[in-house]
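Here is how names work: the chains are called A, B, and so on, in the same order as the sequence lines, proteins then strands, and each is numbered from 1.
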Protein chains: 2
Amino acid sequence: MAKTTRKARLEEEFLQGYDPNRYERPSVSVDVAVLSARDGALHTVLYRREGPLFADAFALPGGFVGMNESLDAAARRLLRDKGGLEGVFLEQLYTFGAPDRDPRMRVVSVAYYALVDHTRGLAGPGQICRLVVPWEGETGGPVEAVGPDGDEVEFAFDHADVLGLAVKRIRGKLGYTPIGFQLLPESFTLRDLQEVHETVLGREQNKDSFRRRMLQSGQLEATGERQLGVGHRPAELYRFVRRSAI
Amino acid sequence: MAKTTRKARLEEEFLQGYDPNRYERPSVSVDVAVLSARDGALHTVLYRREGPLFADAFALPGGFVGMNESLDAAARRLLRDKGGLEGVFLEQLYTFGAPDRDPRMRVVSVAYYALVDHTRGLAGPGQICRLVVPWEGETGGPVEAVGPDGDEVEFAFDHADVLGLAVKRIRGKLGYTPIGFQLLPESFTLRDLQEVHETVLGREQNKDSFRRRMLQSGQLEATGERQLGVGHRPAELYRFVRRSAI
DNA sequence: CACGTTAGATGCGACATGCATATATGCATA
DNA sequence: TATGCATATATGCATGTCGCATCTAACGTG
């Protein structure tokens, strides 16, 4: 017992005199999985690598965290600078820290995921790739991706795992949070919302119970407008209202 | 468009030639919120600080991540070295990275939470403190803690927020994962399990529907034994069986 | 052996959900 | 103008889950 106390005190003293520049330590980066739903599939933004490491593989938008920058701020900066995206839903996902995940050096990567309405344009050299989520994707396993040319894409680092975990996370969240709206423009029909849910979950939803669930969730508000020129009865347009307003 | 491409290429070149020792970067630490349920309240392990910073405040067990050590391994090492705990449930919680969370230097802290059966002993100088979770605790806000002497405890750093988020996380997980078993010894009664759930959630559960939910979840297996010497009809003892075994 | 106490089982109503069916509304076409 | 088509929206009903009340079972105590 006394031993353990001394040990703890030694550690305290070490900490008090700890000079971070005298010790090796990891670099901290942020990677962002940008997800959107289009044509019945999830898509993400990837960047082709050009250097010798993971040459011609594709990576998530990412970068190092500034010394006076919070993790959230770093993620928002990357979204803005690399993709021209501002004001989107952004949440921390998981921190990946395997010692060998970057063969050049020790990098601890704080992964974020962002949800973007697919009608928003994307600036920069990023490519929008379709995700192929195996059913184990629900368990957070790696995903595959198909580029705009239809060819499968090779991932750099552990980014296939990051995307798999992001898909798992939003699948779980869909059940108890209004996260699905983040993938739609401001006004949308119930059919649109259902398609987004089905795209994310990878399985069909019952139409009627989906309607009822959404309408009595108190998260939808009719805009009073309807679809135009659709060749059949137009659906009502809704918008998302956040719970705090109720 | 060409501009953005050049910018991205420049960043790539920077990365290829990046020497981590030439740049400032944060230190990476791991903090562990050890949770157990006892006497109808959640408890955690805290260590009294002795240095000049946050003197006499209490901190979660934590430490820096070794250069060749994964984040999970660092958390397990801390549990073992600081509290003598091995083989417990441990999962990553969230990464806290506000630039000013440690006034001495920039520290990015990867927080973990561990769930421990309260009958397990604890080695080392840690103190077991009772958590007082305000109802906003469900939203991940900060918690308060009461030490063994009954006095309220002051937290160092942002550790009140870490604990608040840990409580929020297990409250959410309780609904769809067998996480509650982690807080109980190997064999337990349904009443024990219900009390753990009520302690974690902070509200009472319906006895019968709780029974039915647990029994038909396929996660419980009767041991064939019963309570002894309880002054009333003895309850059956169950053990946890993981889903993969079914 | 009666009694108190808690465990465990059964029955019923409220409510969500899945499914089938009926009605409404817009456009296209005869 | 009238009719048909496609989809949206509403309604009715069977099923399953959940909360609640009630009943029976098993143990210790006096």
Side-chain angles (χ1 to χ4, degrees), chain A residues 39-40 171-178 180-181 184-185 187-240 243 246, chain B residues 39-40 171-172 174-178 180-181 184-241 243:
Chain A
D39 304 331
R171 279 181 174 176
K173 278 220 161 193
L174 219 48
Y176 60 95
T177 55
F181 307 103
L184 287 169
S187 84
F188 49 86
T189 68
L190 285 172
R191 167 63 100 198
D192 294 335
L193 185 59
Q194 182 171 352
E195 281 174 4
V196 162
H197 276 240
E198 291 175 345
T199 296
V200 171
L201 295 174
R203 60 185 147 85
E204 296 190 351
Q205 300 287 107
N206 180 279
K207 181 178 158 187
D208 303 279
S209 66
F210 183 82
R211 285 183 76 77
R212 274 182 301 218
R213 254 189 299 139
M214 290 300 128
L215 289 177
Q216 72 190 11
S217 74
Q219 297 161 4
L220 291 186
E221 184 182 61
T223 64
E225 299 182 353
R226 298 166 157 244
Q227 286 179 311
L228 291 178
V230 285
H232 54 78
R233 171 171 175 171
E236 284 217 60
L237 292 175
Y238 291 86
R239 74 168 69 92
F240 163 58
R243 291 223 168 172
I246 297 181
Chain B
D39 303 330
R171 280 182 174 174
L174 220 48
Y176 59 95
T177 55
F181 307 103
L184 288 168
E186 166 138 7
S187 83
F188 49 86
T189 68
L190 285 173
R191 170 59 105 197
D192 295 334
L193 185 59
Q194 182 173 352
E195 281 174 5
V196 163
H197 276 241
E198 291 175 345
T199 296
V200 172
L201 295 175
R203 59 184 149 86
E204 297 191 349
Q205 301 287 107
N206 181 277
K207 179 182 158 185
D208 304 277
S209 65
F210 183 82
R211 286 183 75 76
R212 275 181 303 217
R213 254 188 299 141
M214 289 301 127
L215 289 177
Q216 71 191 11
S217 74
Q219 297 161 6
L220 291 186
E221 185 182 59
T223 64
E225 300 181 351
R226 298 168 158 243
Q227 286 179 310
L228 290 178
V230 286
H232 53 79
R233 172 171 174 169
E236 284 217 60
L237 292 175
Y238 291 85
R239 74 168 67 93
F240 163 58
V241 289
R243 292 224 168 172

Inset, instruction - Before giving the answer on side-chain contact (heavy atoms from CB on, under 4.5 Å), spell out for Leu193(B) and His197(B) the whole-Å C-alpha distance, their side-chain angles and the decisive distance to 0.1 Å. - result: CA-CA 6 Å; Leu193(B) 185 59; His197(B) 276 241; 3.9 Å; yes

Inset, instruction - Kindly indicate, with the supporting measurements, whether the criterion side-chain contact (heavy atoms from CB on, under 4.5 Å) is fulfilled by Arg211(A) and Arg213(A). - result: CA-CA 6 Å; Arg211(A) 285 183 76 77; Arg213(A) 254 189 299 139; over 6 Å; no

Inset, instruction - Decide side-chain contact (heavy atoms from CB on, under 4.5 Å) for Tyr238(A) and Asp192(A); before the verdict, give the C-alpha distance in whole Å, the side-chain angles of both, and the deciding distance to 0.1 Å. - result: CA-CA 10 Å; Tyr238(A) 291 86; Asp192(A) 294 335; over 6 Å; no

Legend entry - Stepwise side-chain contact (heavy atoms from CB on, under 4.5 Å) test for Phe181(B) and Val196(B): CA-CA 9 Å; Phe181(B) 307 103; Val196(B) 163; over 6 Å; no

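Contacts of Glu236(B) with the nucleic acid, taken as non-hydrogen atoms under 4.0 Å apart, involve only primed sugar atoms and P, OP1 or OP2.
Note that the CD atom of Glu221(B) and the CZ atom of Phe240(B) stand 11.0 Å from one another [nearest 0.5 Å]. Expressed to the nearest 0.5 Å, how far CZ of Phe210(A) lies from CD of Glu195(A) amounts to 10.0 Å.
Side-chain atoms of Gln205(A) do not come within 3.5 Å of backbone N or O of Gln194(A) as any donor-acceptor pair. Judged by distance alone, the side chain of Thr223(A) and the main-chain N or O of Arg239(A) form no donor-acceptor pair under 3.5 Å.
Taking every heavy atom of residues 187-194 of chain A and every atom of DNA chain C, no pair lies under 4.0 Å.
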Nucleotides 9-17 of chain C: which of its N/O atoms have a protein N/O under 3.5 Å away?
unit_1 : atom_1 : unit_2    : atom_2 : d
dA9(C) : N6     : Asp208(B) : OD1    : 3.2

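Interface limits on DNA chain D: the 5'-most and 3'-most nucleotides within less than 4.0 Å of chain B heavy atoms are dC18(D) to dG28(D).
Leu220(B) has its side chain out of reach of Val241(B): every pair of non-hydrogen atoms, C-beta onward, lies at least 4.5 Å apart.
A 3.5 Å limit on both hydrogen-bonding distances identifies dT1(D) as the Watson-Crick or G-U partner of dA30(C).
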